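Worth saying up front: this structure is predicted, and the values here are computed from it rather than measured. Count residues from 1 along the sequence.
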Amino acid sequence: MPAPINPPPHWNGPTAGQSPGVPPKPTWNPSTPGVFPRLRPTIRIRLTLLYGGMFLIAGMLLLAIIYLLAARAMQDGTTMPIQIIEGRVQATSDTCLVPISEATTGSQLNDAVHECLRQQRAQALDSLLKRSLVALLGLAVAAFALGYLMAGRVLSPLGRITRTARQVAGSDLHRRIELDGPDDELKELSDTFDDMLDRLDRAFTAQQRFVANASHELRTPLAINRTLLEVQLSDPDASPELQQLAKTLLATNERSEQLVEGLLLLARSENEIVDRRPVDLSEAASHAVEQVRPEAEERGVEVRGVRQPVYVQSNGVLLERIALNLVQNAVRYNVPEAGWVAVSTAARPGQAVLTVENTGPQVPAYEVDNLFEPFRRLRTERTGSDKGVGLGLSIVRSVVRAHGGTITAAPRPDGGLRIDVALPV
């Protein structure tokens, strides 16, 4: 039996135990042909050259300044304190006093001159030190200012990347950085970011196309079933058993339609709202209250609250959907008798707040976050409940996030919930 042939070190094909359909993992990363890695204009090399050059220039300037100051100090420190004019010795220094008289001997005059020169050198060195410190301080300020400007220029591509990322965060996935310049780390980062945006753009486009197709494919058969069941219910010759079966199937079909609409709305509401216009939050809340009022009267729930006019930049349909889902949940999950729901709107600094508060069963604090998950209800209730399909609060949270707002919920001491929706104005 021949021995197996080992693959070469650079082999990229599937290995033993690896599925043929899985793309192989690369074992090596060849460098760009014709470019030496150490000679690339990387950020490290550019910063090294920049700050090294600035340090060299600053050192040369400081050396020149010190040279000039030292020359001035030597001139001041070596000035003779006496002069011989017409054969007579005269003192010329203001720094020290040289005793000159007929009684002054030569040794006394030499000692006085040496002491005067020593005092002049000390004074010149002290002046040199003070002026050097002033020059150093001025160069330090200039170096910091120039370094700040140079660092801002080198890091300016990061600002461009950040601005593009913020625009992409606003659901503008068609934006690209397209950074020009040397092939350095920032160029690699921008190119990688552009590739990621391309993939995200394709993924979101595919998601939107899927939602549109699913909307059509799922609604059509349900609409046909509803029509057939309504025709059967309108038949006067149908037996009571068939009528009851048709009513049951019609209710099930209606529930399926609500589930499909909720899932599609949940999928569409994940993205940030682009088409915004001023909408009165109190008006949207009032419309939602009017839609739910017949159901509230049937269940014996009083709907009240003060709604102050406050405008937000939003989509009116989605804003009304937020209020409608909250009010419907507050009415349906209430006490059997003497229940109430308070729907109010108010303005805060930079925010518009919608508050929905209701009576109802006791809600444990640890269960509040679970209520915003899809198909989750309080305690054991799930999709078998007749109060909804379990997507109301999930849709509200997604729409609120798409508006850039926040939603908080807290249990009331007497039972029920208080939910606050804060939207930026």
Side-chain angles (χ1 to χ4, degrees), residues 171 203-271 273-275 279 283-299 314-333 372-377 381-403:
S171 299
F204 276 102
T205 301
Q207 181 191 23
Q208 292 174 355
R209 189 181 303 112
F210 169 77
V211 170
N213 294 335
S215 175
H216 175 73
E217 296 296 333
L218 293 176
R219 287 171 176 171
T220 301
L222 292 175
I224 294 175
N225 290 341
R226 184 179 69 252
T227 303
L228 294 176
L229 292 173
E230 290 175 350
V231 170
Q232 182 62 40
L233 285 174
S234 63
D235 185 8
D237 298 331
S239 61
E241 293 80 4
L242 190 59
Q243 292 279 348
Q244 183 61 36
L245 178 61
K247 291 180 180 180
T248 303
L249 293 177
L250 186 61
T252 303
N253 191 83
E254 182 180 359
R255 175 178 171 77
S256 299
E257 289 180 343
Q258 294 177 359
L259 178 60
V260 170
E261 290 290 339
L263 289 173
L264 295 177
L265 181 59
L266 181 61
R268 289 194 300 266
S269 61
E270 290 293 337
N271 298 330
I273 309 303
V274 178
D275 183 18
V279 180
E283 184 178 356
S286 299
H287 287 173
V289 168
E290 294 303 322
Q291 295 182 51
V292 182
R293 192 175 298 278
E295 182 179 358
E297 293 177 352
E298 182 181 353
R299 295 176 179 266
S314 172
N315 180 284
V317 177
L318 293 180
L319 198 62
E320 186 173 336
R321 172 63 66 174
I322 293 176
L324 181 60
N325 285 7
L326 291 178
V327 178
Q328 282 181 342
N329 273 17
V331 169
R332 293 174 182 177
Y333 295 92
F372 291 91
E373 297 297 328
F375 307 109
R376 293 296 297 271
R377 296 187 181 85
E381 290 188 4
R382 287 191 64 85
T383 55
S385 173
D386 60 347
K387 299 178 181 178
V389 295
L391 293 174
L393 293 181
S394 302
I395 293 173
V396 170
R397 183 178 62 178
S398 297
V399 176
V400 170
R401 287 179 177 176
H403 282 80

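Side-chain N or O atoms of Ser234 include one that pairs as donor or acceptor with a backbone N or O of Val231 at under 3.5 Å. A donor-acceptor pair under 3.5 Å is absent between the side-chain atoms of Glu320 and the main chain of Ser286, judged by distance alone.
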Steps toward side-chain contact (heavy atoms from CB on, under 4.5 Å) verdict (Leu326, Leu393)
CA-CA 7 Å; Leu326 291 178; Leu393 293 181; 3.7 Å; yes
Leu318/His403 under side-chain contact (heavy atoms from CB on, under 4.5 Å): CA gap, chis, key distance, verdict:
CA-CA 10 Å; Leu318 293 180; His403 282 80; 4.1 Å; yes
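The two residues Asn253 and Leu222 make their nearest non-hydrogen contact at ND2-O, 3.1 Å. Taking both residues in full, the closest heavy atoms of Ala323 and Ala285 are given as CB-CA, 3.9 Å, listed atom of the first, atom of the second, then distance. Residue Ala246 comes nearest to Leu233 through the heavy atom pair CB-CD2, 3.6 Å, listed as atom of the first residue, atom of the second, then distance. The minimum heavy-atom distance linking Gln232 with Gln243 is given by the pair O-NE2, 3.8 Å. Residues Arg226 and Leu250 share a closest heavy-atom pair of CG-CD1, 3.7 Å. When every heavy atom of Ile322 is checked against every heavy atom of Val396, the shortest pair comes out as O-CG2, 3.8 Å.
The side-chain heavy atoms of Gln328 and Gln291, taken from C-beta on, include no pair separated by under 4.5 Å.
Glu283 contributes atom CD, which lies 10.0 Å from atom CG of Leu319 (distance to the nearest 0.5 angstrom). Rounded to the nearest 0.5 angstrom, Leu324 CG and Asn329 CG are separated by 9.5 Å. For the atom pair OG1 (Thr252) and CG (Leu229), the distance works out to 9.0 Å, reported to the nearest 0.5 Å.
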